[in-house]
Colleague: 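Dropping a structure here in structure tokens format, bear with me for questions.
The figures here come from the full heavy-atom set of this structure, side chains too, leaving out hydrogens, waters and symmetry mates. Order of the sequence lines fixes the chain letters, A, B, ..., with proteins taken first and strands second; residue numbering starts at 1 for each chain. All of these numbers come straight from a predicted model, not from anything done at the bench.
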There are 2 protein chains.
Amino acid sequence: MECADYGLTRKLERDNLNLNPLQRGGVLPAAARKALHEFGDGYSVCDYCDGRLDQVTRPAINCFLDDLADFTGSDAVRTVHGAREGKFAVMHALCERGDTVVVDGNAHYTTHLAAERNGLEIVEVPSTGHPSYEVTPEAYREVLEETIDRVEVKLAVLTHVDGNYGNLTDARGVADVCRKLGVPLLLNCAYSMGRLPVNLRELGVDFVVGSGHKSMAASGPIGVLGMKSEWEDTVLRRSGRHEKKELELLGCTSRGAPLATLMASLPYVRERVSRWDGEVKKTRYLVSELEDIGGIEQLGVRPKEHDLVRFETPVFHEIAASHPRKGFFLYEELKKRGIVGIRRGQTKWFKCSIYGMTEEQVQYVVDSFRDIVEENR
Amino acid sequence: MECADYGLTRKLERDNLNLNPLQRGGVLPAAARKALHEFGDGYSVCDYCDGRLDQVTRPAINCFLDDLADFTGSDAVRTVHGAREGKFAVMHALCERGDTVVVDGNAHYTTHLAAERNGLEIVEVPSTGHPSYEVTPEAYREVLEETIDRVEVKLAVLTHVDGNYGNLTDARGVADVCRKLGVPLLLNCAYSMGRLPVNLRELGVDFVVGSGHKSMAASGPIGVLGMKSEWEDTVLRRSGRHEKKELELLGCTSRGAPLATLMASLPYVRERVSRWDGEVKKTRYLVSELEDIGGIEQLGVRPKEHDLVRFETPVFHEIAASHPRKGFFLYEELKKRGIVGIRRGQTKWFKCSIYGMTEEQVQYVVDSFRDIVEENR
């Protein structure tokens, strides 16, 4: 054993203002911290299992899944290990090796991996490119129609909010296109479900996947897979040999603390989703204030409709060129001010989010960036 | 929201002596409880990720995996979501739909599900049946030879310790058979890795899978997948499009608290494995004392070589027939004495484990069963 101390502390990231978009939506509220304590041990949710995780009544996983179906507007819902595992399961259930799926040009890498692991061909709907990188229903229609002309398309995937630009796509518009063309649509809501309202029925999609650790205030890894009733027999089909067990879930998925925290957080998540407009307003304020500094520009669709923002930051790149600490200055200046989450050494651009921060905290972040530019330019 | 209170407490199961074998090996030591607190939030192990979970240095996941490879005698090791997900990944990487795998007759249902989800045919090596249910290398050789005569066998699976009888199989013996016949062998160590010594190299197997929540003092869900170097290119092959990402893992697997707890627990687990002989001795004492009561008989191979014990208990079934509380009496009598983990209403037989209990606790369990028989017979 070379290094028994693995540095298992996260004090810096927990005690400071963390701008990493990946970390903003997964912070546990007090009720989930308590659940983490209660259900920290091993197979903690399995004490009273009769063979089906989704039917466990102590704790009331069955009731929770009813509420989660209601929350997501799904007919049936299951927990999975994460959004990626949900996408893989749907593709695995609907497609065979060599089949074709259509995905948007802002898809997360895990959408590509889920397809590749299933041996599927990927056809991409391009975004509009720099600077807005928008994926439109019209572009989706064009690619889908072209593709259908030459091959059957088993599934379409749309990224509800992408992780590069934080663009919120017109899911209902793309769902209309897909429905008319007879192609089922999976909406990847890793950056939306748990932050903003997501309703499968209202959007008219066939599947939604969400991420507990990314956007639903849960311990990782856990995801949500919701579907229309017509897909239950396919995606939740049972084992031939073990008739209770759902095959695509390998029987059970999240057996422990991540599920307990997701359950404990649902009331909190439901409430915060109702305050989404306030989050968008705060983000637009951040963009407006940072762009006002000069040498900072928001990429992606304007005005922002999500908290994840990508900025091009030539002002920081210019400072880095002559700063004694070179590209490290920005990370270090922020850290001095109790702000973390911008990658060390990166100055040309960065992604950030102030999701869940108070107005005072947002103002502090804005003032800090302004000070750093003024002191170093 | 019909039932916002999901009964998220586990006081009864945490504060009492829990005989459920599923729960004995997943209890967190203090260091893991601390890690749970530090890494409870969402994507907590991903602050300093450069695209590969297994290469993260803060916390030192890379060092941990080196230590885990050493601990399991593997050339390469990765964390997965559980033993079942490890089995699925290996089958998915090695086999194609319609291929055949050979598995032992005491295999966990998830071995069957992993094969079925991959579209594989299963050929079973029968156990010797009642009362010892033993799977021998000789039986394995017979079935494997017969099967190879008619079809290519892509993978053999052996359950190191099964969950029904707690039989420890002769993994080295079966590995010899498989090696001579040119069939790679996966050893399912969900009930062994973290309890007793497991060394891939010494046993001569190709793959080992383990379970963090079942036997390695970690929060669920997390598993371990170890392999010989010759399988790395197949099982850990990279994505064509995202060259850093390992396809069978969909990029990353356990992104959060379960991994942090597994890391924190490794030194503790390594130490407890060295005391395995003492655990076997305690279990044999339990068997001897309970059988001495009369009307209680251990199933599975004798003498016990694992803490999981299945008893046939006609004495309790007879009491239930005339007891005012019928079959519930045993659960209730145990609960009165602070003992849980035997299924409510079950009296014909039960599985139990006293793994990790002190000698005083074991004596208390023995005395409690004796008292219950004496007071009710």
Colleague: Which region of B:His81, side chain (C-beta onward) or backbone (N, CA, C, O), has a non-hydrogen atom less than 4.5 Å from a non-hydrogen atom of chain A, or is it both or neither?
Modeller: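 Both backbone and side chain.
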
Colleague: With a 4.5 angstrom heavy-atom cut-off, which part of B:Thr253 approaches chain A: side chain, backbone, both or neither?
Modeller: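 Interface part for B:Thr253: backbone (N, CA, C, O).
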
Colleague: For the backbone of A:Leu262 and the side chain of A:Ser265, can you confirm whether one donor and one acceptor N or O come within less than 3.5 Å of each other?
Modeller: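 No, A:Ser265 side chain to A:Leu262 backbone: no donor-acceptor pair under 3.5 Å.
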
Colleague: Specify which of B:Gly40, B:Ala260, B:Ala35 makes the most heavy-atom pairs with chain A at under 4.5 Å.
Modeller: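 Highest number of pairs under 4.5 Å: B:Gly40.
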
Colleague: Can you tell which part of B:Arg241 gets under 4.5 Å to a heavy atom of chain A, answering side chain, backbone, both or neither?
Modeller: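 Both parts, backbone and side chain.
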
Colleague: Taking B:Lys245 for its side chain and B:Gly51 for its backbone only, find out whether a donor-acceptor pair lies under 3.5 Å.
Modeller: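 Confirmed, B:Lys245 side chain pairs with B:Gly51 backbone.
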
Colleague: With side chain to side chain donor-acceptor pair (under 3.5 Å) as the criterion, how do B:Tyr43 and A:Asn20 come out once you've worked through the C-alpha distance, each side chain's angles and the decisive distance to 0.1 Å?
Modeller: CA-CA 11 Å; B:Tyr43 266 113; A:Asn20 187 345; over 6 Å; no

Colleague: Quick one: of A:Ser215, A:Ser44, A:Gly240, A:Gly256, who has the most non-hydrogen atom pairs under 4.5 Å with chain B?
Modeller: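 Of the candidates given, the most pairs with chain B belong to A:Ser44.
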
Colleague: Where on B:Glu116 is there a heavy atom nearer than 4.5 Å to chain A: the side chain, the backbone, both, or neither?
Modeller: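 Backbone plus side chain of B:Glu116, per the 4.5 Å heavy-atom cut-off to chain A.
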
Colleague: Only pairs of heavy atoms separated by less than 4.5 Å count here; which of A:Arg343, A:Met216, A:Glu85 has the most with chain B?
Modeller: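 Counting heavy-atom pairs under 4.5 Å, the top option is A:Glu85.
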
Colleague: Measure across A:Ser254 and A:Ile222 and return the closest heavy-atom pair with its distance rounded to 0.1 Å.
Modeller: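 Closest approach of A:Ser254 to A:Ile222, heavy atoms only: OG-CD1, 3.4 Å.
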
Colleague: Checking heavy atoms, do the side chain of B:Ala218, its backbone, both or neither come under 4.5 Å from chain A?
Modeller: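 Backbone only.
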
Colleague: Could you tell me whether the side chain of B:Asn62 and the main chain of B:Thr57 form a donor-acceptor pair under 3.5 Å?
Modeller: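 Not at all, since once roles are kept as given, no pair shorter than 3.5 Å links the two residues.
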
Colleague: Would you please go through residues 87-95 of chain A and name the residues with a non-hydrogen atom below 4.5 Å from one of chain B, in numerical order?
Modeller: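 Counting heavy atoms that sit under 4.5 Å from chain B, the residues of residues 87-95 of chain A involved are A:Phe88, A:Ala89, A:His92.
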
Colleague: Please look at B:Leu68 and chain A and tell me whether the side chain, the backbone, both or neither of the residue comes under 4.5 angstrom of a heavy atom of that chain.
Modeller: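 The answer is neither part of B:Leu68.
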
Colleague: I'd like to verify something: which residue of A:Ala114, A:Gly25, A:Ser211, A:Gly220 has the highest number of heavy-atom pairs under 4.5 Å with chain B?
Modeller: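 Most heavy-atom pairs under 4.5 Å with chain B: A:Gly220.
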
Colleague: Examine whether an atom of B:Asn18 lies under 4.5 Å from a heavy atom of chain A, and if so say whether it belongs to the side chain, the backbone or both; otherwise answer neither.
Modeller: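 Contact with chain A involves the side chain of B:Asn18 alone.
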
Colleague: So for B:Arg33, is it side chain, backbone, both, or neither that comes closer than 4.5 Å to the heavy atoms of chain A?
Modeller: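 For B:Arg33, side-chain heavy atoms alone lie under 4.5 Å from chain A.
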
Colleague: Let me know if B:Arg117 has heavy atoms under 4.5 Å from chain A in its side chain, its backbone, both or neither.
Modeller: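 Backbone plus side chain of B:Arg117, per the 4.5 Å heavy-atom cut-off to chain A.
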
Colleague: Heavy-atom pairs under 4.5 Å with chain B are the metric here; pick the option from A:Val340, A:Thr261, A:Leu22 that has the most.
Modeller: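 Of the candidates given, the most pairs with chain B belong to A:Leu22.
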
Colleague: Identify which of A:Leu259, A:Leu28, A:Leu12 forms the greatest number of heavy-atom pairs closer than 4.5 Å to chain B.
Modeller: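 Ranked by heavy-atom pairs under 4.5 Å with chain B, first place is A:Leu28.
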
Colleague: Output the option from B:Arg344, B:Arg58, B:Lys214, B:Arg97 having the highest count of non-hydrogen pairs under 4.5 Å with chain A.
Modeller: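 Among B:Arg344, B:Arg58, B:Lys214, B:Arg97, the one with the most close pairs to chain A is B:Lys214.
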
Colleague: Can you measure from CG (A:Leu17) to CG (A:Leu334) and round to the nearest 0.5 angstrom?
Modeller: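 It comes to 10.5 Å.
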
Colleague: Which of these, A:Val80, A:Asp54, A:Thr79, sits in a side-chain contact (heavy atoms from CB on, under 4.5 Å) with A:Leu249?
Modeller: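 Option passing the side-chain contact (heavy atoms from CB on, under 4.5 Å) with A:Leu249: A:Val80.
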
Colleague: Taking B:Glu38 for its side chain and A:Arg10 for its backbone only, find out whether a donor-acceptor pair lies under 3.5 Å.
Modeller: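 Yes; at least one donor-acceptor contact below 3.5 Å.
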
Colleague: List the residues meeting ring-ring contact (aromatic ring centres under 6.0 Å, His included) with A:His37, not counting sequence neighbours, and say none if there are none.
Modeller: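 A:His37: no ring-ring contact (aromatic ring centres under 6.0 Å, His included) contacts found.
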
Colleague: Below 4.5 Å from any heavy atom of chain B, which atoms of A:Asp47 appear? Answer side chain, backbone, both or neither.
Modeller: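 For A:Asp47, backbone and side chain are both near chain B.
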
Colleague: Can you confirm whether more than 12 heavy atoms, excluding those of A:Glu243, are under 6.0 Å from its CD atom?
Modeller: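 Incorrect, the count does not exceed 12.
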
Colleague: Give the minimum heavy-atom separation between A:Pro258 and A:Ser219, together with the two atoms involved.
Modeller: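 Answer, listing the atom of A:Pro258 first, then A:Ser219: CB-O, 3.3 Å.
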
Colleague: Does any N or O in the side chain of A:Lys244 come within less than 3.5 Å of the main-chain N or O of A:Asp50, such that one atom is a donor and the other an acceptor?
Modeller: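 Checking the backbone N and O of A:Asp50 against the side chain of A:Lys244, a donor-acceptor pair under 3.5 Å is found.
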
Colleague: With A:Val103, which of A:Val123, A:Thr111, A:Asn188, A:Leu120 fulfils side-chain contact (heavy atoms from CB on, under 4.5 Å)?
Modeller: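 In the set A:Val123, A:Thr111, A:Asn188, A:Leu120, the residue that makes a side-chain contact (heavy atoms from CB on, under 4.5 Å) with A:Val103 is A:Thr111.
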
Colleague: Under the side chain to side chain contact (heavy atoms under 4.5 Å, CB included) rule, collect the residues that match up with A:Tyr268, sequence neighbours excluded.
Modeller: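 Partners of A:Tyr268 under the side chain to side chain contact (heavy atoms under 4.5 Å, CB included) test: A:Pro29, A:Ala217, A:Arg272.
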
Colleague: Quick one: list whatever passes side chain to side chain donor-acceptor pair (under 3.5 Å) with A:Glu13, sequence neighbours left out.
Modeller: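 Side chain to side chain donor-acceptor pair (under 3.5 Å) check on A:Glu13 returns B:Tyr48.
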
Colleague: Please state whether the side chain, the backbone, both or neither of B:Arg237 comes within less than 4.5 Å of a heavy atom of chain A.
Modeller: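 Neither part.
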
Colleague: Measuring heavy-atom distances to chain B, does A:Arg255 have an atom under 4.5 Å in its side chain, in its backbone, in both, or in neither?
Modeller: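 Contact with chain B involves both backbone and side-chain atoms of A:Arg255.
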
Colleague: Pick whichever of A:Pro59, A:Gly82, A:Gly119, A:Gly341 has the most heavy-atom pairs under 4.5 Å with chain B.
Modeller: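 Going by pairs under 4.5 Å, I would pick A:Pro59.
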
Colleague: Side chain, backbone, both or neither: which part of B:Glu96 has a non-hydrogen atom closer than 4.5 Å to chain A?
Modeller: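 For B:Glu96, there is no contact with chain A at all, as no heavy atom is under 4.5 Å.
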
Colleague: Rounded to the nearest 0.5 Å, how far does CG of A:Asp70 lie from CG of A:Leu266?
Modeller: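 If we round to the nearest 0.5 Å, A:Leu266:CG and A:Asp70:CG are 9.0 Å apart.
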
